Undergrad: 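Pasting in a structure now, in structure tokens, and then I'll have a few things to ask.
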There are 2 protein chains.
Amino acid sequence: MTPPTDGAQANDLSLVDALAQLSFLVQGALAEATAGHDLSIIQTRLLGILRDREPTMNELGGYLGLDKSSITGLVDRAERRGLVRRTASARDRRAVQVSITDAGRHLGEQVALKFEQRMAAITSRLTNAERARLATLAIRLLDRA
Amino acid sequence: MTPPTDGAQANDLSLVDALAQLSFLVQGALAEATAGHDLSIIQTRLLGILRDREPTMNELGGYLGLDKSSITGLVDRAERRGLVRRTASARDRRAVQVSITDAGRHLGEQVALKFEQRMAAITSRLTNAERARLATLAIRLLDRA
DNA sequence: TATTGTTATACTCTATAACTATA
DNA sequence: TATAGTTATAGAGTATAACAATA
């Protein structure tokens with residue numbers, strides 16, 4: 001659960017421990033990729049969602065699993081940096097639609113590229129066959145989630 | 001990189017995307033396991049590290065990759081809840097040693113148990129052979145990290 | 001009345017800079 | 001001088017509760 005907490009056999013981790021440690025490794029790579037552009041992981045997720053959507057604040061809360069008041073602050077900070085914009089909804093005058101700006105899209109692409117590079121380094125010790133097997137297994141886990 | 005950002009083929013994710021999504025799934029399971037006990041992930045990691053160590057504040061910063069001032073706050077909050085304690089170091093009068101209390105150890109065990117249950121649910125659709133293969137591959141990734 | 005979004009408030013987490021005490 | 005730790009301060013991120021505008 002915590003990286004090097006194993007006093008027993010370091011090379012005989014359980015599946016649960018291995019997946020937990022792997023999640024920290026991947027999140028670390030993501031954090032490094034985003035930090036270089038002064039972005040947090042949650043801001044990067046926001047840009048990723050807006051890449052091909054123009055949701056309302058409310059829908060954004062659903063995607064990110066956050067309270068609407070948290071979304072207000074998140075979008076405030078992104079908008080202040082010129083990465084996203086708010087527009088009035090045409091059908092519901094209470095609602096606000098959020099869209100990505102060109103600057104936001106460009107920044108999101110840069111972060112994604114850097115993340116892919118970090119992940120390529122992490123997976124570089126696997127053979128192509130192993131990579132394919134890992135992808136298949138990971139996708140099987142995601143399917144039911 | 002972000003959960004359902006794929007407009008192309010949902011079942012043909014790249015390895016990088018699959019690992020990224022998997023990391024969010026696992027971190028989500030961890031967050032759920034900890035939230036039930038009013039603990040954050042970082043507080044849980046702290047308890048995990050202290051399970052079999054009695055580091056100084058400085059060493060703790062190394063384990064967690066945080067600035068010393070962040071460690072001060074982290075330990076402050078855990079100590080206020082009776083989960084850890086500070087003791088003076090015997091060899092260096094500038095240093096402070098941090099150890100876990102019985103309450104902290106107990107809470108850490110409860111969270112670990114709940115996390116394992118969540119992870120068991122997530123991996124329940126895999127066969128034993130698949131689980132073993134996934135563990136092997138994940139460990140190969142961790143080895144070089 | 002119910003829903004959408006914002007505001008006020010509070011807390012955790014994190015970092016930088018300045019400081020104290022010890023080495 | 002250098003190191004260990006704390007304090008002061010600032011900002012991101014999150015939630016709850018109260019509110020205004022609209023449905």
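It should be emphasised that the depicted structure is a prediction, and the values quoted were computed from it without experimental measurement.
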Undergrad: How close or far is atom P of C:dC13 from atom CD1 of A:Ile41, stated in whole angstroms?
TA: 16 Å

Undergrad: Counting just side-chain N and O atoms, does B:Arg86 come under 4.0 Å of either OP1 or OP2 of D:dG5?
TA: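 The answer is no; no side-chain N or O of B:Arg86 sits under 4.0 Å from OP1 or OP2.
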
Undergrad: When you compare the side chains of A:Tyr63 and A:Arg53, does any donor N or O come within less than 3.5 Å of an acceptor on the partner?
TA: yes

Undergrad: Any salt bridge between A:Glu130 and B:Arg140, counting N to O under 4.0 Å?
TA: yes

Undergrad: Rounded to whole Å, how long is the line connecting atom CD of A:Gln27 with atom P of C:dT14?
TA: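 Taking atom P of C:dT14 as the reference, CD of A:Gln27 is at 13 Å.
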
Undergrad: Classify the nucleic acid contact of A:Thr56 as base, sugar-phosphate or nothing, counting any heavy atom under 4.0 Å across all strands shown.
TA: sugar-phosphate

Undergrad: Please give, in whole Å, the distance from D:dA12 C1' to A:Arg45 CZ?
TA: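 Those two atoms, CZ and C1', are 16 Å apart.
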
Undergrad: Taking atom NE2 of A:His37 as the centre, report whether more than 12 heavy atoms of other residues, nucleotides or ligands fall under 6.0 Å from it.
TA: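 Yes, the 6.0 Å shell around NE2 holds more than 12 heavy atoms from other groups.
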
Undergrad: Of the candidate nucleotides D:dA23, C:dG5, D:dG5, which contains the atom at the shortest distance from the side chain of B:Ala95?
TA: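 Comparing D:dA23, C:dG5, D:dG5 against the side chain of B:Ala95, the answer is D:dG5.
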
Undergrad: Is it true that B:Arg86 and B:Asp76 have a side-chain N and a carboxylate O under 4.0 angstrom from each other?
TA: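 Salt bridge flag = yes for B:Asp76 with B:Arg86.
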
Undergrad: Measuring from atom CD of B:Gln110 to atom CG of B:Leu113, what distance do you get when rounded to the nearest 0.5 angstrom?
TA: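 B:Gln110 CD to B:Leu113 CG: 8.5 Å, rounded to 0.5 Å.
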
Undergrad: Taking atom types as they are modelled, is there a donor-acceptor pair under 3.5 Å from the base of C:dT3 to the side chain of A:Arg94?
TA: yes

Undergrad: Atom NE2 of A:His37 and atom C1' of D:dA12: how far apart are they, to the nearest Å?
TA: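 It is 19 Å, rounded to the nearest whole Å.
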
Undergrad: Would you indicate which nucleotide in D:dG13, C:dT22, C:dG5 comes nearest to any side-chain atom of B:Asp92?
TA: C:dT22

Undergrad: Among residues 65-73 of chain B, which ones have heavy-atom contacts with DNA chain D below 4.0 Å?
TA: B:Lys68, B:Ser69, B:Thr72

Undergrad: Rounded to the Å, how far apart are A:Asp76 CG and D:dA15 P?
TA: 15 Å

Undergrad: What integer distance in Å separates A:Leu64:CG from D:dT14:P?
TA: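 Rounding to the nearest Å, CG of A:Leu64 and P of D:dT14 are 8 Å apart.
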
Undergrad: Flag the pair A:Arg118 and A:Glu32 as a salt bridge only when some basic side-chain nitrogen lies within less than 4.0 angstrom of an acidic carboxylate oxygen.
TA: yes

Undergrad: Whole-Å distance between D:dT6 P and B:Glu79 CD?
TA: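 Nearest whole value for this atom pair: 9 Å.
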
Undergrad: Whole Å only: how far is the CE atom of B:Met57 from the P atom of C:dT20?
TA: 19 Å

Undergrad: In terms of side-chain heavy atoms, does B:Ser23 have a donor or acceptor partner in A:Gln27 at a distance below 3.5 Å?
TA: yes

Undergrad: Is there a side-chain polar atom (N or O) of A:Arg77 under 4.0 Å from OP1 or OP2 of D:dG11?
TA: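 The answer is no; no side-chain N or O of A:Arg77 sits under 4.0 Å from OP1 or OP2.
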
